[in-house]
Number of protein chains: 2
Amino acid sequence: MKERLDLREDILRIIAAHSGAIGQGAINLLLRKQGVLISMPTVGRRLQELEFEGFVAKAGIEGRVLTDRGRHALKRFDAEARLRVSGAALLDTLRRGDRKHLLDLLAARRVIEAEAAALAATHVSPNAIAKMDGILSRQAAGVARGETGLEEDIAFHREIARASRNEVLCSLVALLRQHRRYNLIVNSIRAAVGSRMVVDHARILAALKARDPHAARAAMDRHLRTLAADLNRYLGRWSPDGGVRGR
Amino acid sequence: MKERLDLREDILRIIAAHSGAIGQGAINLLLRKQGVLISMPTVGRRLQELEFEGFVAKAGIEGRVLTDRGRHALKRFDAEARLRVSGAALLDTLRRGDRKHLLDLLAARRVIEAEAAALAATHVSPNAIAKMDGILSRQAAGVARGETGLEEDIAFHREIARASRNEVLCSLVALLRQHRRYNLIVNSIRAAVGSRMVVDHARILAALKARDPHAARAAMDRHLRTLAADLNRYLGRWSPDGGVRGR
DNA sequence: CCCATTAATCATCTGTGATTAGTGCCACGC
DNA sequence: GCGTGGCACTAATCACAGATGATTAATGGG
């Protein structure tokens, strides 16, 4: 069901690109030129389906043309495809774990989460503040016990993003936080950053409680700046060239 | 090849969730409970494949267990799945076109692109500046002719993101720019914003030429702020409730 | 002795590709 | 001007490969 939809999309695209009507043979050749190697009968079958669904119509004898509905569907497909491609590109960038990309990632997180923190300062609910208080004290207790506090860190940042009431920022924070290698590294340097992370978070939370957007933004900015500096030092220590072995 | 990988993932997950060994019959039942309806022999075949690839091993007679490699692969699968889910959530948010989401989107773009502009001011190459010059003059000419200048707008912002040398920011800009309804609306209000867009862009470009990060950030911030204000006015005019009819 | 598991065999179903029939247009030659 | 062969297209038929499911050994443990 998946790749067939893909094939049909390709066929629609070819028909749209071609001026005038076009038939199975020519479509087959063009598909082949695109690297899609299918037989002509299959193209015919897909064409029958597309015709049945009203996306193409027979134009006399010399082949088929797009209907308005087909053009419309294709436009929607294109938009979806562009979205998917952009998303995939971002995911690929996020998957990479070399030094520069980790720092790039942190720089992006810094501006995004700083804005989220500023917004949160004006929009946060008492309920959310209570939740953050709980997270923070759990994190402090965990770090004191020698744990990493990673879970609480993630939860804290997520709560702030959620409190910003900006769904796009919230989604972005969630997405950018899904980086395995980054989490691993924070794990490794937790001895250095664990306790300071709690202090940083407390400062952010205090700004939220004071409903001071400026202070919240500054606190979050500083938090992620120092994290980036730590990361940079850590990576520099183990691999000056920036090519830490990851996979 | 696709759904089979999916099925195998499900099977791995079930084995991992189950304490101790588990066989085809029980896996089949659990799969069925998940809504995946496959026959027991198929489960057996997948298990053979997984065993051949070293992800599971036979545990005596009572079924199969995960190997270390299987556990590792599953962990990787989980990370990938989380990434995909987060990405899909963001795409869903971006797909929505109501007033609040459009403004959220613009707010996110504002901080991201402002940072990109600031970085670009220090990293931009003469080459890129020349390219932006070209884009800008084409846009000015187009707007003077009564066109929307939308293509050039997109290209300009993309160039700035690229000049920031931060791939994450660049991907984010590309992703956030893929919003059909937003582009449609800008099209609709181009009479109001078309010429001012050129002025804004010129101001940004001037800051880049002066290699002044502060000015670049401020110019971009202002550009997207006014755009948001325009959008807000436009949406307010046509639908005070924020529920513009889309698609 | 019964049960769960693995694995093999056989039938079926689906999708695909090769081939072929049927149809109308076009160009060429008379 | 008209018949005729070539050509592109549609669509049907047949065969084949692959996956799936039902059934059935075969094995070992409670």
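Both backbone and side-chain heavy atoms feed into the values below; hydrogens, waters and symmetry mates do not. To find a chain, count down the sequence lines: A is the first, B the second, and so on, and within it residues start at 1.
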Which residues satisfy the side-chain hydrogen bond (donor to acceptor under 3.5 Å, both in side chains) test with B:K131, sequence neighbours excluded? none

Can you name the residues that form a side-chain hydrogen bond (donor to acceptor under 3.5 Å, both in side chains) with A:N127, not counting sequence neighbours? none

Within this structure, what is the CD-to-P distance between A:E49 and D:dA11, rounded to whole angstrom? 12 Å

Who passes salt bridge (Lys or Arg N to Asp or Glu O under 4.0 Å) against B:E80, sequence neighbours left out? A:R95

Which pairs with one or both residues in residues 11-27 of chain B pass salt bridge (charged side-chain N to carboxylate O under 4.0 Å, His left out), sequence neighbours excluded? B:E9-B:R13, B:R13-B:D78

Could I get the full list of side-chain hydrogen bond (donor to acceptor under 3.5 Å, both in side chains) partners for B:E51, not counting sequence neighbours? B:K58, B:R64

What residues form a side-chain contact (heavy atoms from CB on, under 4.5 Å) with A:A108, not counting sequence neighbours? A:L176, B:V168, B:L169, B:L172

Among residues 23-30 of chain A, which ones have heavy-atom contacts with DNA chain D below 4.0 Å? A:G23, A:Q24, A:G25, A:A26

Dump every N/O contact between nucleotides 25-29 of chain D and the protein below 3.5 Å, one line per pair.
none

Spacing between A:R46 atom CZ and C:dG17 atom C1', to the nearest angstrom: 12 Å

For nucleotides 21-23 of chain D, tabulate all protein N/O to nucleotide N/O atom pairs closer than 3.5 Å, reporting atom names and distance.
unit_1 : atom_1 : unit_2 : atom_2 : d
D:dG21 : OP2    : B:S39  : N      : 3.0
D:dG21 : OP2    : B:S39  : OG     : 2.7
D:dG21 : OP2    : B:T42  : OG1    : 2.5
D:dG21 : O5'    : B:S39  : OG     : 3.2
D:dG21 : N7     : B:R45  : NH2    : 2.7

The side-chain contact (heavy atoms from CB on, under 4.5 Å) partners of B:S171 (sequence neighbours excluded) come to A:L90, A:T93

Side-chain donor-acceptor pairs under 3.5 Å in residues 152-162 of chain B, sequence neighbours left out?
unit_1 : atom_1 : unit_2 : atom_2 : d
B:D153 : OD1    : B:H157 : NE2    : 3.4
B:D153 : OD1    : B:H201 : NE2    : 3.0
B:D153 : OD2    : B:R177 : NH1    : 3.1
B:D153 : OD2    : B:R177 : NH2    : 2.7
B:H157 : ND1    : B:E113 : OE1    : 2.5
B:H157 : NE2    : B:H201 : NE2    : 3.3
B:H157 : NE2    : B:H223 : NE2    : 3.3
B:E159 : OE2    : B:R162 : NH1    : 3.2

Residues at least two apart in sequence or cross-chain that pass salt bridge (Lys or Arg N to Asp or Glu O under 4.0 Å) with A:R82, listed by chain then number, are none

